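For this chain, numbers begin at 1 and follow the sequence in order. All of these numbers come straight from a predicted model, not from anything done at the bench.
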Amino acid sequence: MPAGVDRRLFEKTRPRRAVPLAAPPAGSGLRAVPGDAGPPVIGHTLSYIRYGSAFTRARHAALGPVSWCGFVGEHVVIAAGPDATHQVLTNPDKAYSQDGWRFLVDDFFHRGLMLLDGDDHRVHRRVMPEAFTAPRIRGYVDRTVPVLREAIPSWPRDQQLRIYPMLKSLTLDVATHVFMDDRSGPEADAVNQAFMDCVQAASSIVRRDLPGTRYRAGLRGRALLERYFRMALPAKRAGEGDDLFSVLCRARTPEGEAFTDDDVVNHMIFLMMAAHDTSTITSAAAAYYLAANPEWQERARAESLALGDGPPDLAALQSLTTLDLVIKEALRLAAPVPVVMRRTTKDTALLGHFLPAGQLVMAAGATNHHDPAVWTDPDVFDPERFAEPRREDKAHRDAWIPFGGGVHKCLGMLFGSLEVTAILHELLRNHRIAVAPGYRPRWDNTSLPVPADGLPLRLEPLR
């Protein structure tokens, strides 16, 4: 819609009158959390879907680092800013559980690592790192590069392309090859749609298995994915493959702890989603920023071309310092996971505010990425902020948290970063990326942030 109309609608999301969430215990010295419920039933759900981190940033500016709003049928506390998110994510008094995620996505990503708590999480976290050792990651990179080199040079030039769906198809192909030792075939579209249905169902306002709802589509998607991975499981158990699926089947701790068949299926569904969705978002955002900032594109291309024509290994990809800065800045400006969810297990305090037991909490990490107390001109694309000597990301431990924090910090962040680097490296070696003057992407936050128009860019031949 016209930008002026959009701005006026956004202004209406600002709280007109803050009301307390829950009265603090007498004599506690704690303050009530301020906020408002928004429209009946739906609360501010649609505002978040439309405006994403701009919505949580506005709440932070108006109400401070701890506020509340109506969201998906509940009253949700928003923890925004480095201090608030740090306390929630590090969880020093064990007051926050993963039930915040389970409330939203358990029907679709049941018992994924992100949804586990306590001893259950510790056991699975001890087994899982076997799939992400340094030698394993080198092997995954070696599997990734040929897939990219086969696909990216053939992408059409001199016409406007919606780069996001192309990247999504590509990252699914990478995930299928690296994680399953397979290539996407006729099932790929159905599997990809199943993942999208599961992710989008998380923010459903109607959370029942009813015809025509996103929730029903998510349930059907989960069933398809379970069938898909269970059919492949016996061969993976019996084989000696080095893909992630095979590794999870064989992974053992020194104490002999291992995954059951159900564990492997649950983790594969979650990891495949996390791997290809977050890599797609980051690759798309970085491609846009390279197109919109041609001086950075040329600087990054020069480093990529200097590597020569051979397939890059892990060390070569890590030597691409300009792309590293660009990717970090893209992760700051367009965080692929802008919020993480928790629920309180007992009455607790957050920066002097009272949170009752059973309270849903949204740690809005993407808000930190735009905090003017941390970042210089936070809305400006400026990768040098991550370079020495500035290192603005070091101003606070939670200033930049695209991979989460605490014991649930993403295990796959190194491979994910290398995959995005490899994608952009091949893109720069083969194409010049252009964007229409004045274009700005609009991110749809129905699930993870997705460019609503598919992100139209233009690939041109190198001259």
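Minimum interatomic distance between Pro82 and Asp398 (heavy atoms only, all atoms of both residues): O-CB, 3.6 Å.
Trp400 is listed as a side-chain neighbour of Leu331, based on a closest heavy-atom distance under 4.5 Å.
For Arg214, there are no salt bridge (Lys or Arg N to Asp or Glu O under 4.0 Å) partners at least two apart in sequence or on another chain. Qualifying salt bridge (Lys or Arg N to Asp or Glu O under 4.0 Å) partners for Arg397, counting only residues two or more places apart in sequence or in other chains: none. Take Asn445 and apply the side-chain hydrogen bond (donor to acceptor under 3.5 Å, both in side chains) test, not counting sequence neighbours, and it matches no residue. When the side-chain hydrogen bond (donor to acceptor under 3.5 Å, both in side chains) test is applied to His75, no partner is found at least two apart in sequence or on another chain. Residues passing the side-chain hydrogen bond (donor to acceptor under 3.5 Å, both in side chains) test with Asp262 are Arg230, sequence neighbours excluded. Under the salt bridge (Lys or Arg N to Asp or Glu O under 4.0 Å) criterion, Asp36 pairs with Arg59, not counting sequence neighbours. Looking at residues two or more places apart in sequence or on another chain, you find a salt bridge (Lys or Arg N to Asp or Glu O under 4.0 Å) between Arg149 and Glu426.
Using a 30° and 60° split on the angle between ring planes, Tyr48 and Phe71 fall in the perpendicular class, above 60°.
A side chain to side chain donor-acceptor pair (under 3.5 Å) with Asp242 holds for exactly one of Arg250, Arg143, Arg136; it is Arg143.
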#### Entry: Check against salt bridge (Lys or Arg N to Asp or Glu O under 4.0 Å), Glu130 and Arg252
CA-CA 8 Å; Glu130 174 63 23; Arg252 299 286 188 280; over 6 Å; no
### Message
Quick one, Asn368 with Val374, criterion side chain to side chain contact (heavy atoms under 4.5 Å, CB included). Give me CA distance, side-chain angles, the key distance, then yes/no.
### Response
CA-CA 8 Å; Asn368 304 9; Val374 173; over 6 Å; no
### Task
Begin from the C-alpha positions of Thr367 and Ser53 and carry the test side-chain hydrogen bond (donor to acceptor under 3.5 Å, both in side chains) through to its verdict.
CA-CA 6 Å; Thr367 300; Ser53 62; over 6 Å; no
### Candidate pair Arg207 and Asp107, rule salt bridge (Lys or Arg N to Asp or Glu O under 4.0 Å), full reasoning
CA-CA 10 Å; Arg207 306 186 69 79; Asp107 283 339; over 6 Å; no
### Task
Start with the C-alpha distance between Lys328 and Asp324, add both sets of side-chain angles, then the distance that settles salt bridge (Lys or Arg N to Asp or Glu O under 4.0 Å), and finish with yes or no.
CA-CA 6 Å; Lys328 286 177 176 174; Asp324 179 60; 3.3 Å; yes
### Query
Does the pair Asp371 and Arg57 meet the rule for a salt bridge (Lys or Arg N to Asp or Glu O under 4.0 Å), with working shown?
CA-CA 8 Å; Asp371 189 340; Arg57 289 170 63 187; over 6 Å; no
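For Phe259 and His124, the distance between ring centers is under 6.0 angstrom.
For residues 60-70, the set of pairs meeting the side-chain hydrogen bond (donor to acceptor under 3.5 Å, both in side chains) definition, not counting sequence neighbours, is empty. The salt bridge (Lys or Arg N to Asp or Glu O under 4.0 Å) analysis of residues 66-93, with sequence neighbours excluded, yields the pairs Glu74-Arg343. Within the structure, the ring pair (Phe, Tyr, Trp, His ring centres under 6.0 Å) test picks out the following pairs touching residues 198-244 (sequence neighbours left out): Phe108-Tyr215, Phe229-Phe245. Sorted by first then second residue, the salt bridge (Lys or Arg N to Asp or Glu O under 4.0 Å) pairs that include residues 218-228, not counting sequence neighbours, are Asp209-Arg220, Arg222-Glu226.
Side-chain atoms of Asp173 and Thr176 include no donor-acceptor pair closer than 3.5 Å. Gln200 and Ser447 share no donor-acceptor pair across their side chains, judged by distance under 3.5 Å alone. Residues Thr260 and Asp263 have side chains that bring a donor and an acceptor to within less than 3.5 angstrom of each other.
To the nearest 0.5 Å, the span separating NZ on Lys168 from OG on Ser279 amounts to 10.5 Å. With rounding to the nearest 0.5 angstrom, the SG atom of Cys198 is 13.5 Å from the NE2 atom of His110. Taken from CG in Asp117 to OH in Tyr96, the straight-line distance is 14.0 Å, to the nearest 0.5 Å. To the nearest 0.5 Å, atom CD1 of residue Ile433 and atom CG of residue Leu424 are 7.0 Å apart. Taking NE2 of His353 as the start and CG of Leu21 as the end, the distance is 10.5 Å to the nearest 0.5 Å. In this structure, CD1 in Ile152 is found 9.5 Å from NE2 in His425, a value given to the nearest 0.5 Å.
One finds no salt bridge joining Lys236 and Asp181 here, because no Lys/Arg side-chain nitrogen approaches an Asp/Glu carboxylate oxygen to under 4.0 Å.
More than 12 heavy-atom neighbours from other residues, nucleotides or ligands sit within 6.0 angstrom of NZ on Lys346.
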If you look only at distance, which donor and acceptor atoms sit under 3.5 Å apart when one is on a side chain in residues 159-166 and the other is two or more places apart or in another chain?
{"residue": "Arg162", "atom": "NH1", "partner": "Asp453", "partner atom": "O", "Å": "2.3"}

